[in-house]
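Working notes, structure below.
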Amino acid sequence: MAVAAEPAPARSLFARLAQPRPALALLLLMWVPLVAYVMFNRQIGDLREVVLLPAIPAALLLYAVAVWSWRESTIAVIGVTLVFFWLLLALSAPYLPLLDPNKPVAPFVTPFTEKNGVFYWLGTDTRGRDMLSRTIWGCQRVIVWGITATVVAYFVGAMLGLIAGYLGGWWDQVVSFLANVLLSFPVMILFILILNYLGPSGFNIVIAVTFSSAPAIMRIVRGLALDVKTRDYIFAAQTRGESALRIMVIELLPNVRGPLIVDACLRLGYTTVAITTLTFLGLGLQPPDPDWGLMIKEASSTALLWKFSYMLLIPALSVSSLILGFNLMADGLREMSLRD
Amino acid sequence: MSMASDAAAAAPAPKPGEGGSEVPVLECRNLCISYFTRAGEIPAVVDFNLKLMPGESHGIVGESGCGKSTVALAIMQYMGKNGRIVGGEILFNGRDMREMNEEELRQIRGSQIAMVYQEPMASLNPAMRVGDQLAEVPIYHDGATKEEALARARAMLESVRLPEPDRILRSYPHQISGGQQQRVVIAMALLSSPKLLLLDEPTTALDVTVEAGIVDLIREIADEYGTSMIYISHNLGLILETCDRITVMYSGEAVEVGTVNDVFDAMRHPYTQGLFASIPLPHADKNARPLVAITGQLPLPHERPPGCNFGPRCDHFLAGLCDSGEIPMLPITGDDRHYSRCVRIEEIDWQAAAGEGIVKSAAPPGDVVLKVDEMTKHYEIEEGAIFFAGEKKTVKANERLSFEAREAETVAIVGESGCGKSTFAKVLMGLEEATSGEVLLGNVELGKMPVEKRSPETIAKLQMIFQNPFDTLNPSHTVGGQIARVIKKFGVEKDEEKINQRVLELLDIVKLPRDFAKRRPRQLSGGQKQRVGIARAFAGNPSVVIADEPVSALDVSVQAAVTELLMDIQRENRTTLLFISHDLSVVRYLADRIVVMYLGQIMEQGTTEEIFSPPYHPYTEALLSAVPIADTKVKKRHIVLSGEIPSASNPPEGCPFCTRCPYVIEGTCETVPPPIRAFGPGHLIACHLSEETLKAMQPVIQIGEGPIPAEADRDAEKGEQVSPVAAAESERRSDV
């Protein structure tokens, strides 16, 4: 079938930003400050006051580009809106007029009430800390650690999958065997084992998530690689004498990206759940800093009373909406990939 | 309980065209079909007319995207969600199918109209035994009992000439070969003795010699059962062999309709003429009478030009006449229901050949560039190694291959699937090591040198063009980037600026616009991708290029252009071309020398002239006969091989061809490897038959009015050969 020559039209700003390179630049501009702020808060010193400032416009622009390029799928737009809602709150938390999330002010204030001249939108918790402030600050940590853990797991899983799928032979045997061993553990038990051994901290969560997710990712990548490696263009690269690494990363990986991106969005959801659950179990991020899992844990005893159930519902609904956002994004992306 | 005899008795095949008062089995009147997509209504088929009389077989031919499959689906009333018949009517036995309800349609489908699709494996349920699937048809449509249904299924399997029908009834689809699967599908279609059989490219996925068997079967069915058939194909030769009448389609319209003889010999539409000029018929020659490609590209369905759809590509285009208004189908006076959609029928000189090709001078071959000497490649596989060290089995992928290729020469390697040509290509390219023997490129031994050990110069000297245009380019990188990578890798140019310059030059050479460098492969058509593949192969100034069926996946009119391009570049650079193909028409057209392979061994090699004229190796003879030729003046001797190609892991001990050879000598061929004898300088045949027998063979292909081995001879001929297999074969034929 002939594909008509598309005359290069004057491209809109969004179309130009949606190209891989500008989009990646925007993504880094948004992500690097956030990571620096959350993970290396102490190390960056006074820079922490300003570091998130460039990230906010970058995130807004990225949101606009995402909505523009996925405008055909309502589901994807809703998903992206939910995710960026939390992302923007996470980025702008330091600049919002919020109370200190760790400072007890007035305990047991129900939402939408005023006390001591302050209006509490979401009330306060058992120790009298502002729920609104804690929810917004808490999302910062969930998002940063959740996405980081997923990205690291993906990197490790994809490399192992490429090795197993492309190189095959005993590489495949060894990697697949290890993956099967890891997959035979229930995920939670694996988490608890690893974090008990390494001690609870953000970086150890990343390690735990990598151990539990990488085998499944490896299997997906391996399957895709097995299919793509029989294509003629891979054969052409082999006969050109290209190195195995170059073939895997440059020739093979870009062609399996479609299903991987969809899976990554779903997996972001799982990871968010996992991190929240770990904090709830007391194995993740440590108090007193706000975190959704922690908030649920702290509220678990008092929330038995209907009047105070907001303490539980607010963080729980926040987690759900973020995960829903990731899942809808995955659905929308899959829908769009099926259409073409 | 023989279905075959029932049906034959019930419906004696009437001769097509006879009895004007008869009700046509199928009639399409001004049929218009559109697909509704996000981009709006896309007319897929416009103003399509067809009248199919009982017992008639009608061919629909056209390139991909011309709407031929849409017509078939419309007849089945299987349009999918977004397809709809927007005008005209389809009459089946005089009743308009559009007015039937779902239940009536369901009754008709499968019992009155049956369809055979291209991919046999996709038409069979992999989780059900063949017998159960076949039995479903009589159970559902005729209310037969299970035993009765199975008995009928068995009888039908016999009548589609499947050996061991009981075994096949018990098998699952994946346990039988592709050719057998397609026979099962045809048997399934015939079980309810339909009035109309739709065949959508039924042999495209099969090997040539297997295809010949299926085509033979289809022809016999038409004679025997009196079933009307619509045969959809892109291959004009197959239509000639199977059909009475033909519709040529272009861009959603029928452009010419008529009897096969009228359309083939006295075509009255420039597109039909262009189509014939672009397929390699026996009289074409790469130097003296090159192929003429149709210029331009098929228009997209929503970008069709006003007036004649073929206008922009037509040599006889006349502005003001051809591009104004709808062009109706006009009758050709004197012919039997022969119509053409051309307003200039009377004005065009149809005797003049469509745009003479430019005569080119032949490039004289130079020194030997590539020498393959006794090259052997065996794979060791272990079987049943779960409980104990399994028994080792050897797959003989290549067995003692020896041949030479000279500078500027085209050597064709001909063979069907499993003949070992891909293994040979892998050894040559350095992805596999030869088990023994030598492969010399210049004076470098390549057989035992994997690609990692080869120098960039050696790698650059040996490049490959791939078969599947949709697979040959990496969809994630730009066209220019992929060509540039080759140039950089082989060190042809170092400087970034010069590399880009060279990429643009290469695009010029393959006649693609320069701005294609920035495009991604999905924006290119199949032919364009194949051109990029050629540019990439020639980027490193290779001395030997292996072309693995480079045009077989392309449309006919594009094939000619790509073939000519390849020949031109080769002539220019004096490159040696190893052309791997199964299509002897293409090979005859472009090869200087031919190597015929079967199951990993060379059966015959020689110049093109020598291969196409006797003495033949029996396999070459069968292959020549199997290739359909779209020329009514060509007469072929009819040889149909029985059986399938044996597995390479379990080849016969002696001659690999002995299981299918009609001349097999009992006791010798199965056990003793055949001797290789020379019948002239460079013409080698590996066969046990005596020199006299081989030399006494008649030519398979005869052009023109010469002595024609008539149809009647063919059985006599088979009888003469003292060959039990052939005798058994002809016996089996006659008793059906």
Side-chain angles (χ1 to χ4, degrees), chain A residues 1-9 11 16 18-21 24 71-74 158 162 166-169 173 224-225 227-261 335-340, chain B residues 38 63-65 296-303 425-426 428-431 450-456 458-460 462-477 482 485-486 489-490 513 515-516 518-519 521-528 533 536-537 540 546 548 555 558:
Chain A
M1 268 300 279
V3 175
E6 289 167 27
R11 284 191 294 185
R16 245 180 278 167
Q19 294 296 307
R21 266 178 220 179
L24 191 68
R71 62 189 179 280
E72 282 176 21
S73 162
T74 326
L162 285 175
Y166 177 72
L167 296 181
Q173 306 240 321
L224 293 167
D227 171 31
V228 173
K229 88 169 181 183
T230 59
R231 305 286 167 91
D232 284 342
Y233 54 85
I234 300 292
F235 192 55
Q238 289 170 336
T239 56
R240 201 154 71 215
E242 302 282 11
S243 69
L245 185 69
R246 193 191 151 89
I247 293 178
M248 284 194 278
V249 176
I250 292 182
E251 303 279 345
L252 215 155
L253 194 57
N255 294 310
V256 300
R257 67 179 187 273
L260 284 192
I261 291 172
E335 189 189 311
M336 274 185 285
S337 70
L338 286 179
R339 236 182 244 173
D340 295 326
Chain B
R38 278 182 295 164
E63 298 176 89
S64 56
Q297 279 190 10
L298 192 71
L300 289 176
H302 50 275
E303 287 170 356
K426 277 187 181 162
L428 224 53
M429 303 302 290
L431 299 182
V451 68
E452 302 88 59
K453 291 190 192 150
R454 295 183 186 178
S455 66
T458 314
I459 297 176
L462 197 61
Q463 278 298 298
M464 188 152 174
I465 300 167
F466 298 92
Q467 174 174 14
N468 188 346
F470 299 95
D471 242 19
T472 181
L473 300 178
N474 192 326
S476 299
H477 301 300
Q482 300 193 45
R485 176 69 199 163
V486 179
K489 181 81 190 164
F490 295 155
D515 66 299
F516 270 39
K518 290 197 188 69
R519 294 218 189 158
R522 70 183 142 81
Q523 294 166 295
L524 270 57
S525 71
Q528 290 167 339
R536 184 178 62 182
I546 305 170
D548 183 3
D555 271 322
V558 184

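Just so it is clear: chains get the letters A, B, ... in the order the sequence lines come, proteins before strands, and each one is counted from 1.
The main-chain N or O of Arg536(B) is never found under 3.5 Å from a side-chain atom of Gln482(B) such that the two would form a donor-acceptor pair. When atom types are taken as modelled, the side chain of Arg240(A) and the backbone of Arg485(B) share no donor-acceptor pair closer than 3.5 angstrom. Under a 3.5 Å cut-off, the side chain of Thr472(B) and the backbone N or O of Asn468(B) do not form any donor-acceptor pair.
Only the side chain of Ile459(B) comes within contact range of chain A, with at least one heavy atom under 4.5 Å from a heavy atom of that chain. At a 4.5 Å heavy-atom cutoff, the contact between Val486(B) and chain A is made by backbone and side-chain atoms alike. Contacts between Gln463(B) and chain A at a heavy-atom distance below 4.5 Å involve the side chain alone, from C-beta outward. When heavy atoms are compared at a cutoff of 4.5 Å, Ile250(A) approaches chain B by way of both its backbone and its side chain.
Note: Lys489(B) leads Lys426(B), Arg454(B), Lys489(B), Glu452(B) in heavy-atom pairs under 4.5 Å with chain A.
In this structure, the side chain to side chain contact (heavy atoms under 4.5 Å, CB included) partners of Ser476(B), at least two apart in sequence or on a different chain, are Pro254(A), Asn255(A), Arg257(A), Asn474(B).
Distance OH/Tyr233(A) to CG/Leu252(A): 7.0 Å, rounded to 0.5 Å.
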